[in-house]
Amino acid sequence: MVKCLNNEITEDTLLQRIGIIRENIRTAALSGGFDPQKVRLMAVTKYVGAEAVLRAVQAGITLIGENREQALSQKLPLLPREQLQVHFIGHLQRNKAARVVRMVDMVESLDSPALAAELEKQAAALEKTLPVLIEVNIGKDSNKSGIAPETAAGFAESLQAFPHLQLRGLMTILPLGAAQIETERYFSQMHALYVDIQEKNRDNGNIDCLSMGMSGDYKLAVKYGANLVRLGTVLFS
Ligand SMILES: *Cc1c(COP(=O)(O)O)cnc(C)c1O
């Protein structure tokens, strides 16, 4: 499961790569008419150990993402928590929700009504407000979790019943191996859905996050309006 990338990667290499990625993000955002300054870069740390994550933090990374509870609990004590935003990005089993809610600043992978209820319960127990993104299965990929695009707006509305959850936007993972033209259509549909949910929730005013794009497709994602890209391989390989 853990595809181990380069744990020996140096801070210099990371600095160089972050510079190139930032430049790519700038070009892509401008080509789509978006503000490059508003695009956040997440280092997805699932492939590497805490030492490599520390070097990434020294190279300027301030946002990290993990997709497994156990890896997160192992790495987090070794990291400068106060310098970091930490997001959970994997499918979350309900029996792990309590530990994850305690550790993270955001859950990006809210993918079912049952998980919403569980996160609400755990956040309430901690007297904490938990920012969340709805994970949308935009490609209707039967291998992936996520809310169907046509029910996302209704699901967003249902979250108003949960006072300890703060809806901040949408996240998606595209089907593996989608052709470029499909990829562009999915990203553009996600952006339209994001704008729609923003308008329907105008009075809460907190919907500011569209998390899409990974190593293979982040430039296209940004061109279509992503403001958070989640990168593992291009940083750490
Ligand atoms: C692994 C992972 C990524 C990063 O993927 P890369 O292609 O290595 O950049 C992004 N998002 C999620 C949810 C992931 O699990």
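Since this is a predicted model, take the numbers as computed values, not measurements.
Using a distance-only test at 3.5 Å, with no hydrogens or angles considered, no donor-acceptor pair links the side chain of Lys200 to the main chain of Ala156. In this structure, the side chain of Thr129 does not engage the main chain of Leu165 through any donor-acceptor pair within 3.5 Å. For Arg55 (side chain) and Asn7 (main-chain N/O), a donor-acceptor pair under 3.5 Å exists by modelled atom type. With Thr172 contributing its side chain and Met212 its backbone, the two residues share no donor-acceptor pair below 3.5 Å. The backbone N or O of Asn227 sits nowhere less than 3.5 Å from a side-chain atom of Arg40 that would complete a donor-acceptor pair.
One finds the CD atom of Gln160 at 6.0 Å from the CG atom of Asn201 (value rounded to the nearest 0.5 Å). The distance from the CE atom of Met190 to the OG atom of Ser211 is 8.5 Å, given to the nearest 0.5 Å. Here the CG atom belonging to Asn137 is positioned 10.0 Å from the CG atom belonging to Leu174, to the nearest 0.5 angstrom. For the atom pair CG of Leu14 and CZ of Phe236, the computed distance is 6.0 Å after rounding to the nearest 0.5 Å. In this structure, NE2 on His87 lies 10.0 Å from CD1 on Ile64, to the nearest 0.5 angstrom. Between atom CE of residue Met42 and atom CD of residue Glu108 there is a gap of 4.0 Å, rounded to the nearest 0.5 Å.
Scanning both residues, Phe162 and Ala116, for their nearest heavy atoms gives CE1-CB, 3.7 Å. Taking every heavy atom of both residues into account, Tyr194 and Ile207 meet most closely at OH-O, 3.7 Å. Between Val39 and Arg22, the closest heavy-atom pair is O-NH1, 3.3 Å. The minimum heavy-atom distance linking Val136 with Ala152 is given by the pair CG2-CB, 4.2 Å. Taking both residues in full, the closest heavy atoms of Ser215 and Thr233 are given as OG-N, 3.3 Å, listed atom of the first, atom of the second, then distance. The shortest heavy-atom contact between Ser145 and Asp111 is OG-OD2, 3.2 Å.
With contacts defined as side-chain heavy-atom distances shorter than 4.5 Å, the pair Arg168/Asp208 qualifies. Contact annotation: the side chain of Pro163 approaches that of Glu120 to within less than 4.5 Å [non-hydrogen atoms, C-beta and beyond]. Between Thr62 and Gln83 the shortest side-chain heavy-atom distance does not fall below 4.5 Å. Inter-residue side-chain proximity for Val86 and Leu79 is flagged as unmet; no heavy-atom pair is nearer than 4.5 Å. Taking the side chain as every heavy atom from C-beta outward, Arg81 and Asp105 approach each other to under 4.5 Å. Contact of the Ile21 side chain with the Val229 side chain is not registered, since no non-hydrogen atoms from C-beta on lie closer than 4.5 Å. Looking at Val48 and Ile9, their side chains never come closer than 4.5 Å, going by heavy atoms from C-beta outward. Inter-residue side-chain proximity for His191 and Phe34 is flagged as met; some heavy-atom pair is nearer than 4.5 Å.
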Side chain to side chain contact (heavy atoms under 4.5 Å, CB included) between Leu63 and Leu41: does it pass, once the steps are laid out?
CA-CA 7 Å; Leu63 170 62; Leu41 165 58; over 6 Å; no
Residue pair Val104, Leu72: steps toward the side chain to side chain contact (heavy atoms under 4.5 Å, CB included) verdict
CA-CA 9 Å; Val104 303; Leu72 188 58; 3.6 Å; yes
Could you walk me through whether Ile61 and Ile18 pass the side chain to side chain contact (heavy atoms under 4.5 Å, CB included) test, one step at a time?
CA-CA 9 Å; Ile61 290 293; Ile18 291 168; 3.8 Å; yes
Going through the checks in order, is the side chain to side chain contact (heavy atoms under 4.5 Å, CB included) test met by Ile89 and Lys46?
CA-CA 10 Å; Ile89 59 174; Lys46 68 187 179 201; 5.7 Å; no
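Ion pair Arg99/Glu69 flagged as a salt bridge, since at least one NZ, NE, NH1 or NH2 atom sits closer than 4.0 Å to an Asp/Glu carboxylate oxygen.
More than 12 heavy atoms of other residues, nucleotides or ligands shown are found within 6.0 angstrom of CD on Glu182. For Lys128, the NZ atom sits in a packed shell: over 12 heavy atoms of surrounding residues, nucleotides or ligands are nearer than 6.0 Å. The environment of Lys144 atom NZ is dense: over 12 non-hydrogen atoms of other residues, nucleotides or ligands sit within 6.0 angstrom.
Looking at Glu135 and Ser109, their side chains never bring a donor and an acceptor atom within 3.5 Å of each other.
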